[in-house]
Amino acid sequence: MKDFLQEISRLKIDIVENEPLSRHTFYSTGGKCKAMIYPTSVDNLKQCLSILKGQKLFILGNGSNVLVSDKGFNGFVINTKKVNKITIKGDLIVADAGANLVDVVNLSCDNCLSGLEFAIGIPASVGGAVCMNSGCFGKTIGEYVVYVKGENGIYNNKNCNFDYRTSRFSQEGILQVCFKLKPWDNETIQGKLEHYKKIRFNKAPKGKSCGSVFKNEEYFAG
């Protein structure tokens, strides 16, 4: 283990050994992992994935849809929260895997770009949301993806294999995602945001919540 961590530490990346995963999940459960690694850029993240290839590894985003045993995880965890750059180029928004999805929604709306308003209440990182093709209100995140930069290459929308709460990235790490949105007037966009916020506020249980984490199979799990 030390050899892997020494190689990663040369990249000036923070490493915390024997870190309790309960500190990083919405459920607040989970024993310790061998080491938690904090890359700070897409390049850093790709290097870490390469160094740890073949090792027992988990990529952790916002921790909102992860249930970890109190026995812990006998492997390495890459925490993407510092890999969070978001860039707007015309009607495209490019976000690193660790960027908070709500931040992406708010930034796109502030720049009069419409499409992702439905996702305002999804407590996920971009990587996690795209990996599981998160969705609600009849829309899914995959509908707005132009391409995904994965650890093994760049994939256009069709090759991402988006389906109900799944994609090809359940087997491959996500580095960065590009979304294509639609220019729209700010008043309409803000109206949509408030509409979705109101629905969530009225439906969500009070107190600590992980949101909706169950798949609907023919019937709504709720």
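The aromatic rings of Tyr196 and Phe137 lie tilted to each other, with the angle between the two planes from 30° to 60°. Between Phe169 and Phe162, the ring planes lie tilted relative to each other; the angle falls in the 30° to 60° range.
Residues Leu116 and Phe179 approach most closely at CD1-CG, 4.4 Å, considering heavy atoms. Closest non-hydrogen pair, Cys33 versus Leu21, comes out as CB-CD1, 4.3 Å. Between Val83 and Pro39, the shortest heavy-atom distance links the atoms CG2-O, 3.4 Å. Of all heavy-atom pairs spanning Cys109 and Asn186, the tightest one is O-ND2, 3.6 Å. Heavy atoms only, all atoms of each residue included: Val104 and Ala95 are closest at CG2-CB, 3.9 Å. Across Ile59 and Gly173, no two heavy atoms sit closer than the pair CD1-CA, 3.7 Å.
Residues Met36 and Phe26 fall into different hydrophobic clusters, defined by Ile, Leu, Val, Met, Phe, Trp and Tyr side chains chained together at heavy-atom separations under 4.5 Å. Cluster annotation: Ile174 is connected to Leu101 through the hydrophobic network of ILVMFWY side chains, with a link wherever side-chain heavy atoms come within less than 4.5 Å. Hydrophobic clustering (ILVMFWY, side-chain heavy atoms < 4.5 Å, transitive): Tyr38 and Leu45 are in distinct clusters. No path of Ile, Leu, Val, Met, Phe, Trp and Tyr side chains, each step under 4.5 Å between heavy atoms, connects Val130 with Leu92, placing them in separate hydrophobic clusters. If you chain together hydrophobic residues whose side chains sit under 4.5 Å apart, Val145 and Ile120 fall into the same group.
In this structure, a donor-acceptor pair under 3.5 Å is absent between the side chains of Asp103 and Asn106. Looking only at atom types and distance, the side chain of His195 has no donor-acceptor partner in the side chain of Glu117 under 3.5 Å away.
Asp163 is linked by a side chain to side chain donor-acceptor pair (under 3.5 Å) to nothing, counting only residues two or more places apart in sequence or in another chain. Asn62 is linked by a side chain to side chain donor-acceptor pair (under 3.5 Å) to nothing, counting only residues two or more places apart in sequence or in another chain.
Within a 6.0 Å sphere centred on NZ of Lys197, other residues, nucleotides and ligands contribute more than 12 heavy atoms. For NZ of Lys34, the number of neighbouring non-hydrogen atoms (other residues, nucleotides, ligands) closer than 6.0 Å is greater than 12. Around the CD atom of Gln171, the shell of radius 6.0 Å holds no more than 12 heavy atoms that belong to other residues, nucleotides or ligands.
Comment: Arg23 engages Glu19 in a salt bridge, judged by a side-chain N to carboxylate O separation of less than 4.0 angstrom.
The only member of Ile78, Asp14, Ile51 that meets side-chain contact (heavy atoms from CB on, under 4.5 Å) when paired with Ile8 is Ile51. Of the options Asn111, Ile86, Val146, Thr87, a side-chain contact (heavy atoms from CB on, under 4.5 Å) to Ile93 is made by Ile86 and by none of the others.
No donor-acceptor pair closer than 3.5 Å links the side chain of Ser114 to the backbone N or O of Trp184. No donor-acceptor pair closer than 3.5 Å links the side chain of Asp96 to the backbone N or O of Gly98. Counting only distance, with no hydrogens or angles, the side chain of Arg165 and the backbone of Asn216 share no donor-acceptor pair below 3.5 Å. Checking side-chain atoms of Glu172 against main-chain N and O of Asn152 turns up a donor-acceptor pair under 3.5 Å. Put simply, the side chain of Thr25 never gets that close to the backbone of Gly63: no donor and acceptor are under 3.5 Å apart. Of the possible donor and acceptor atoms, none in the side chain of Asp70 sits under 3.5 Å from a partner among the backbone N and O of Gly31.
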Could you go step by step and tell me if Val42 and Asn44 meet the side chain to side chain contact (heavy atoms under 4.5 Å, CB included) rule?
CA-CA 5 Å; Val42 168; Asn44 265 175; over 6 Å; no
Where do Cys136 and Arg200 land on the side chain to side chain contact (heavy atoms under 4.5 Å, CB included) test, with the steps shown first?
CA-CA 10 Å; Cys136 50; Arg200 286 188 175 278; 3.0 Å; yes
Mind running side-chain hydrogen bond (donor to acceptor under 3.5 Å, both in side chains) on Glu143 and Thr140 for me, showing each step along the way?
CA-CA 6 Å; Glu143 296 173 47; Thr140 61; 3.2 Å; yes
Would you please test Ile13 and Cys48 for side chain to side chain contact (heavy atoms under 4.5 Å, CB included) and show each step?
CA-CA 9 Å; Ile13 293 173; Cys48 288; 3.5 Å; yes
Please test Tyr147 against Val94 for side chain to side chain contact (heavy atoms under 4.5 Å, CB included), starting from the C-alpha separation and ending with a verdict.
CA-CA 10 Å; Tyr147 68 81; Val94 179; 4.2 Å; yes
For Asp91 and Lys180, what are the C-alpha separation, side-chain angles and deciding distance, and is it a salt bridge (charged side-chain N to carboxylate O under 4.0 Å, His left out)?
CA-CA 6 Å; Asp91 61 354; Lys180 183 175 177 63; 2.6 Å; yes
